[in-house]
**Student:** 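Let me give you the structure first, and then I'll get to my questions.
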Amino acid sequence: MPGRNTGVMSDYDFVLVWTSKLPPASFFWRGQDGWLTCNIVKVHGAGKENSFGYVPDKDGLDARVNKGDTLEITPVRGGRFAIPSQIPAGAVNTLFFKTDQSGWLYYKTKLTQKPDIILP
């Protein structure tokens, strides 16, 4: 809504622990409705909660991602990125990622519906 200070609107948010020694170069979401680029934010579990009970780290988006960091991945609508030829056409509900030294890797997701939140 105009005039509201709100975060990125998305249908999905993913929280995961990064297990690679190499930081992620990019994340993309392949849902039922297309190929979306993703915002990546390091988070931790204390303080004022968002929908998952995590809050952004004080370093925000500028921090280097290290092995063991908790990341919140949010697909963002409006991008114009072509789907790479390496991505199978039938791969849906899948979070794709790569590092500077890897090809495309993926997490196949199991989606659960959370209740809608009515803003005042």
Side-chain angles (χ1 to χ4, degrees):
M1 297 176 76
R4 281 206 167 187
N5 292 329
T6 61
V8 173
M9 297 302 289
S10 175
D11 295 330
Y12 307 102
D13 286 307
F14 304 96
V15 176
L16 56 92
V17 175
W18 188 251
T19 59
S20 174
K21 291 181 181 179
L22 299 172
S26 60
F27 273 91
F28 285 88
W29 168 246
R30 175 76 186 269
Q32 299 288 344
D33 54 353
W35 178 256
L36 304 174
T37 186
C38 296
N39 285 345
I40 306 168
V41 179
K42 286 173 57 172
V43 294
H44 60 86
K48 186 176 179 184
E49 297 182 357
N50 66 14
S51 61
F52 282 102
Y54 294 93
V55 295
D57 277 351
K58 63 184 181 319
D59 297 329
L61 293 173
D62 298 327
R64 177 177 168 86
V65 174
N66 298 302
K67 183 177 181 177
D69 285 344
T70 302
L71 306 177
E72 181 178 35
I73 312 298
T74 306
V76 180
R77 295 192 182 281
R80 298 282 187 242
F81 295 95
I83 299 174
S85 60
Q86 303 91 341
I87 305 301
V92 294
N93 295 338
T94 305
L95 191 62
F96 287 90
F97 66 96
K98 65 185 203 173
T99 69
D100 289 334
Q101 297 178 10
S102 75
W104 287 104
L105 306 168
Y106 65 92
Y107 293 113
K108 183 74 176 158
T109 62
K110 180 180 176 187
L111 302 176
T112 56
Q113 177 71 36
K114 295 189 90 175
D116 290 334
I117 300 171
I118 299 173
L119 298 174

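Keep in mind it's a predicted model, so treat the numbers as computed, not measured. In this chain, residues are counted from 1 in sequence order.
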**Student:** Please name the pair of heavy atoms, one in Leu71 and one in Pro24, separated by the smallest distance, quoted to 0.1 Å.
**Tutor:**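 Of all heavy-atom pairs spanning Leu71 and Pro24, the closest is CD1-CG, 4.4 Å.
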
**Student:** So do the side chains of Thr74 and Ile40 get within less than 4.5 Å of each other, counting heavy atoms only?
**Tutor:**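 The answer is no; the side chains never approach within 4.5 Å.
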
**Student:** Checking Lys42 side chain against Arg64 main chain: does a donor-acceptor pair fall under 3.5 Å?
**Tutor:**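 Flag set: sc Lys42 to bb Arg64 pair under 3.5 Å.
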
**Student:** Are Leu22 and Val65 linked, directly or through other ILVMFWY residues, by side chains that come within less than 4.5 angstrom of each other?
**Tutor:**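 No, Leu22 does not connect to Val65 through the hydrophobic network.
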
**Student:** Check this for me: Lys108, atom NZ, are more than 12 non-hydrogen atoms of other residues, nucleotides or ligands nearer than 6.0 Å?
**Tutor:**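 More than 12 heavy atoms, drawn from other residues, nucleotides or ligands, come within 6.0 Å of this atom.
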
**Student:** Work out which heavy atom in Ile73 is nearest to a heavy atom in Cys38; give both atom names and the distance.
**Tutor:**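 It is CG2-CB, 3.6 Å.
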
**Student:** Quick one: side-chain hydrogen bond (donor to acceptor under 3.5 Å, both in side chains) partners of Thr109, sequence neighbours excluded?
**Tutor:**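 side-chain hydrogen bond (donor to acceptor under 3.5 Å, both in side chains) check on Thr109 returns nothing, list empty.
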
**Student:** Using 0.5 Å steps for rounding, measure from the OG1 atom of Thr99 to the CG atom of Leu105.
**Tutor:**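 Atom-to-atom, Thr99:OG1 and Leu105:CG are 7.0 Å apart.
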
**Student:** Assert yes or no for the condition that the ring centre distance of Tyr107 to Trp29 is strictly below 6.0 Å.
**Tutor:**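 For Tyr107 and Trp29, the ring centres are not under 6.0 Å apart.
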
**Student:** Between CG of Asn66 and OG of Ser20, what distance do you get to the nearest 0.5 Å?
**Tutor:**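 It is 10.5 Å, given to the nearest 0.5 Å.
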
**Student:** Hydrophobic clustering (ILVMFWY, side-chain heavy atoms < 4.5 Å, transitive) - are Leu36 and Leu16 grouped together?
**Tutor:**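 Linked, Leu16 and Leu36 end up in one cluster.
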
**Student:** Supply the atom-to-atom distance Phe14 CZ to Glu72 CD, rounded to the nearest 0.5 angstrom.
**Tutor:**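 Between Phe14 CZ and Glu72 CD, I get 11.0 Å after rounding to 0.5 Å.
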
**Student:** Hey, what do you get for CD1 (Ile83) to CZ (Arg30), rounding to the nearest 0.5 Å?
**Tutor:**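 It comes to 4.0 Å.
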
**Student:** Looking at Phe96, Trp104, Tyr106, which hits ring-ring contact (aromatic ring centres under 6.0 Å, His included) with Phe28?
**Tutor:**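 Of the listed options, the one satisfying the test is Trp104.
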
